Each structure stands twice: as structure tokens, then as C-alpha cells.
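Below you'll find the structure, written out as C-alpha cells, and then a few comments.
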Amino acid sequence: MASAADFSLGKVDVALTPRERFAEFLQARGKRITRQRQVIVDHVSGHHEHFDAEQLLADLRRTPGGANASRPTIYRTLTEMVDAGLLRKMVLGGRAVYEHDYGYPQHDHLHCTSCQKLIEFSSDELGRICEAVAGQHQFRVRGHRLIISGLCVDCRTNRSKSRHQDRV
Ligand SMILES: [Zn+2]
Ligand SMILES: [Zn+2]
């Protein structure tokens, strides 16, 4: 029996920087990495967070290079970055959330439906279950995505506190 399960994320080494990889992807489609796209890619690559397009827009507008970033450019660039394999998109409660994919290890999420917090974890055991199920259907696994929804510890404590106050 192995010791306590390790749900931490490992590391992935990549040959190209996200900007290089993006430039390559665009080039193959006859597009150029414009200044605006560059600012967006660099900003996104520099912060590992789960974010949505509106948050990115607000963050960018506070930076000198992104002060006049436009909403359509941001949405278009995010879609291109997903297609280029740089970002992963998840839809949580109707909200599109993006996170790094390129150079970032495969992982799954606990999603708090109250404060929208995402907690990342990785489990080899889950990978084995996917392989076993796929095997029964002669299916080849390319990836999986598991989102466990519920309430995080902060929201649970706040909730029981307010419930307590209601009674007082
Ligand atoms: Zn929460
Ligand atoms: Zn994540």
C-alpha cells in the first residue's frame, strides 16, 4: 500500500516559449502575431490563474501595453490560444474560464459553486480508471476533464456561521 495519496501537480518541460509556439501556430495559418496579440499572450503566460475574458480585459487595461486592448481582439486571441493548445477553456456555471494548458500538467478541479474558487489536483488513480473504462470500449484516451462541484471550506464555514446567526 502506497503512502498518503499525492494529488500535487508535476512539472512539464517545453521547448518553445508560449509566444514562440503561438507565432508558429499563427504563421501556419498565414497570420501574424500582431502587437496586440503579443501583449495578450505575454500577459496571460506570465500569470497562472483561472480567468475569464472580462477579467483579462480589466487586467490588461491597467498595464501600459494593454491600455487600449479591445474586447473583440481579446476574445479572438483567446480562441486562437485555445486552438494553438496554449489555453484550456472550461465552462463553469455558464462562465467561460481559461487556464494554461501548454507546459502545464494534466489536472482536474474542485469547483466551489458559491465563491467560484477552483482547486487543482492530479490523480494517477483517476487516469487508471479512465484507461480501464476506455479499454472496455476499445476507446483510445486523449485526455479527460473532471470537475467536482461543491462548497469549499471557507464557504462552508461562512454558511454555518450565518446559519448560526440566523438562529440568534
Ligand atoms: Zn467557496
Ligand atoms: Zn486548473
Side-chain angles (χ1 to χ4, degrees), residues 4-22 24-25 37-60 62-63 66 69 71 74-134 140-168:
D6 177 11
F7 297 115
S8 61
L9 274 47
K11 275 215 169 90
V12 177
D13 289 323
V14 288
L16 299 176
T17 65
R19 196 208 273 196
E20 287 166 345
R21 162 120 178 193
F22 194 43
E24 215 177 67
F25 168 88
R37 283 190 176 110
Q38 227 170 74
V39 167
I40 296 171
V41 174
D42 289 349
H43 182 88
V44 168
S45 314
H47 306 75
H48 182 80
E49 272 157 30
H50 302 92
F51 62 92
D52 64 32
E54 292 304 314
Q55 278 168 342
L56 176 61
L57 179 67
D59 284 356
L60 274 172
R62 280 194 292 269
T63 69
R71 186 172 274 115
I74 287 180
Y75 278 85
R76 198 173 342 108
T77 306
L78 286 174
T79 304
E80 288 166 344
M81 289 177 75
V82 170
D83 292 341
L86 293 176
L87 291 180
R88 202 156 81 118
K89 181 181 178 179
M90 297 179 274
V91 178
L92 298 168
R95 169 176 170 251
V97 177
Y98 298 86
E99 67 169 354
H100 293 188
D101 197 6
Y102 182 63
Y104 201 71
Q106 155 89 48
H107 63 280
D108 293 296
H109 298 96
L110 301 173
H111 171 225
C112 176
T113 52
S114 175
C115 69
Q116 306 302 319
K117 187 192 315 189
L118 282 161
I119 300 167
E120 302 184 327
F121 71 95
S122 169
S123 160
D124 292 342
E125 203 174 347
L126 196 60
R128 284 194 289 273
I129 294 170
C130 293
E131 290 293 345
V133 174
R140 181 176 297 165
V141 177
R142 267 168 55 195
H144 75 265
R145 204 176 279 196
L146 176 70
I147 297 167
I148 303 173
S149 50
L151 288 177
C152 74
V153 64
D154 294 337
C155 292
R156 284 175 52 214
T157 16
N158 288 345
R159 200 168 271 206
S160 55
K161 252 186 234 148
S162 60
R163 226 183 276 142
H164 183 72
Q165 276 160 4
D166 288 346
R167 279 200 301 266
V168 176

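All values derive from a computational prediction rather than experimental measurement. When a ligand or atom number is given, it counts from 1 through the structure's own listing order.
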Salt bridge R145-D108, side-chain N to carboxylate O under 4.0 Å: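 The answer is no: the pair does not qualify as a salt bridge.
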Geometry at the Zn ion (ligand 1) - C152 SG versus C155 SG angle, rounded to 10 degrees: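 If I round to 10°, I get 110°.
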Closest non-hydrogen atom pair between D52 and A96, with its separation: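 The answer is CB-O, 3.2 Å.
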Closest approach to the Zn ion (ligand 2) by E99, given as the N, O or S atom name: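 The atom in question is OE1.
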Rounded to 10 degrees, the angle NE2 of H107 makes with OE2 of E120 at the Zn ion (ligand 2):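 That angle is 90°.
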Angular separation of H50 NE2 and H109 NE2 about the Zn ion (ligand 2), given to 10°: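 It rounds to 90°.
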Short side-chain donor-acceptor distance under 3.5 Å, E49 and Y98: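 No - no donor-acceptor pair under 3.5 Å links their side chains.
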Donor + acceptor pair across side chains of E54, Y75 (<3.5 Å):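 Side chains of E54 and Y75: pair found under 3.5 Å.
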